[in-house]
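Notes for the one structure printed next.
We number each residue from 1, following the sequence as shown.
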Amino acid sequence: MIKSYKDLEVYNRSFKMAMDIFWMTRNFPKEEVYSLTSQIVRSSRSVSSNITEGWAKRNYEAIFKQHLITSLGSNSETENWLKFALECKYITQEDFNAMSKELDEIGKMLTSLHKNWKSHGK
């Protein structure tokens, strides 16, 4: 039984992804700190943050689902920033592929949760 957002696998995986991205960006050039680094860290953190915020409002099904849609958008945005990091040669193709695969899985989980969520506290 899910008692907390912390029990959601999608939350845990998206939080881990955000932390992996944070540590990865420590190696980006300093001139990227206010552009690519900031953007990719913010978008990756937004995924788990919106799950958390939405969870607090889960009794209102439409509101919770809107937060899941926002998380899905941030997840896709993160992949786009990863493409920039790859093209700028800040990350390897191997790292990109692994992170892209995980983002894809997170996206599928968010979509499934959105599709199947039913609020029972109305």
Side-chain angles (χ1 to χ4, degrees):
M1 180 187 238
I2 300 169
K3 295 182 179 183
S4 166
Y5 65 89
K6 296 174 196 165
D7 296 326
L8 296 169
E9 183 180 354
V10 69
Y11 166 78
N12 290 307
R13 287 174 73 168
S14 62
F15 185 89
K16 182 184 181 314
M17 173 60 71
M19 290 307 302
D20 290 347
I21 286 173
F22 169 78
W23 290 113
M24 174 193 69
T25 61
R26 300 302 93 191
N27 297 318
F28 285 9
K30 295 298 177 206
E31 63 266 15
E32 290 286 6
V33 78
Y34 297 111
S35 52
L36 179 59
T37 301
S38 175
Q39 292 286 11
I40 195 170
V41 168
R42 287 179 16 191
S43 67
S44 67
R45 287 177 176 174
S46 177
V47 180
S48 61
S49 296
N50 270 286
I51 294 168
T52 303
E53 184 177 354
W55 180 263
K57 303 170 185 177
R58 70 193 175 281
N59 289 334
Y60 304 96
E61 188 172 322
I63 295 173
F64 180 53
K65 286 185 168 189
Q66 183 58 50
H67 281 281
L68 296 177
I69 290 169
T70 301
S71 290
L72 193 56
S74 294
N75 194 62
S76 294
E77 180 185 353
T78 300
E79 184 172 19
N80 186 64
W81 291 122
L82 277 176
K83 284 178 158 180
F84 277 104
L86 175 65
E87 292 299 316
C88 293
K89 301 191 184 329
Y90 301 152
I91 62 173
T92 66
Q93 184 71 53
E94 183 179 322
D95 287 340
F96 174 81
N97 291 346
M99 291 181 139
S100 183
K101 182 179 178 186
E102 180 63 5
L103 289 169
D104 186 53
E105 289 300 313
I106 290 167
K108 288 176 184 175
M109 293 171 77
L110 286 166
T111 300
S112 178
L113 183 58
H114 180 273
K115 179 181 175 187
N116 295 308
W117 183 262
K118 300 285 185 237
S119 296
H120 300 288
K122 292 183 179 179

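Residue L110 holds its CG atom at 13.0 Å from NE2 of H67, rounded to the nearest 0.5 Å. Taking CE of M19 as the reference point, atom OG of S44 lies at 9.5 Å (rounded to 0.5 Å). The distance from the CD atom of E9 to the CE atom of M109 is 3.5 Å, given to the nearest 0.5 Å. Taking NZ of K65 as the start and CZ of R58 as the end, the distance is 15.5 Å to the nearest 0.5 Å. One distance of note links NZ of K101 with CD of E105; it measures 7.0 Å at 0.5 Å rounding. Taking OG of S49 as the reference point, atom CZ of F15 lies at 8.5 Å (rounded to 0.5 Å).
Looking at residues two or more places apart in sequence or on another chain, you find no side-chain hydrogen bond (donor to acceptor under 3.5 Å, both in side chains) involving Y5. Scored by the side-chain hydrogen bond (donor to acceptor under 3.5 Å, both in side chains) test, R45 finds no partners at all (sequence neighbours excluded).
Other residues, nucleotides and ligands contribute at most 12 non-hydrogen atoms within 6.0 Å of the CZ atom of F84. For E31, the CD atom sits in a packed shell: over 12 heavy atoms of surrounding residues, nucleotides or ligands are nearer than 6.0 Å.
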With side-chain contact (heavy atoms from CB on, under 4.5 Å) as the criterion, how do W55 and I2 come out once you've worked through the C-alpha distance, each side chain's angles and the decisive distance to 0.1 Å? CA-CA 11 Å; W55 180 263; I2 300 169; 3.4 Å; yes
Applying side-chain contact (heavy atoms from CB on, under 4.5 Å) to N50 and L68, what does each step give before you reach the verdict? CA-CA 7 Å; N50 270 286; L68 296 177; over 6 Å; no
For side-chain contact (heavy atoms from CB on, under 4.5 Å), just list the numbers for V47 and M17, CA-CA rounded to whole Å, side-chain angles, deciding distance to a tenth of an Å, and then say yes or no. CA-CA 9 Å; V47 180; M17 173 60 71; over 6 Å; no
Show your working on side-chain contact (heavy atoms from CB on, under 4.5 Å) between I51 and L113 and close with a plain yes or no. CA-CA 10 Å; I51 294 168; L113 183 58; 5.6 Å; no
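For the residue pair N97 and Q93, a side-chain donor N or O sits within less than 3.5 Å of a side-chain acceptor on the partner. A donor-acceptor pair shorter than 3.5 Å cannot be found between the side chains of S74 and E77. Checking S100 against E79 by side-chain atom types alone, a donor-acceptor pair falls below 3.5 Å.
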Which side-chain N or O atoms in residues 21-29 pair as donor and acceptor under 3.5 Å with protein atoms at least two apart or in another chain?
{"from": "T25", "atom 1": "OG1", "to": "I21", "atom 2": "O", "distance (Å)": "3.3"}
{"from": "T25", "atom 1": "OG1", "to": "F22", "atom 2": "O", "distance (Å)": "2.8"}
{"from": "R26", "atom 1": "NE", "to": "F22", "atom 2": "O", "distance (Å)": "3.1"}

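Contact detail for T92 and D95: the closest heavy-atom pair is OG1-N, 3.0 Å. Shortest non-hydrogen contact noted between D7 and K3 is OD2-N, 2.9 Å. A pairwise comparison of heavy atoms in L103 and T78 identifies CD1-CG2, 4.1 Å as the closest pair. Taking all atoms of both residues into account, the shortest heavy-atom contact from S43 to W81 is OG-CD1, 3.6 Å.
Using a distance-only test at 3.5 Å, with no hydrogens or angles considered, a donor-acceptor pair links the side chain of T111 to the main chain of G107. Using a distance-only test at 3.5 Å, with no hydrogens or angles considered, a donor-acceptor pair links the side chain of N12 to the main chain of K6. Between the side chain of S46 and the main chain of R42, no donor-acceptor pair closer than 3.5 Å is present.
Under a 4.0 Å N-O distance rule, the pair K57/E53 qualifies as a salt bridge.
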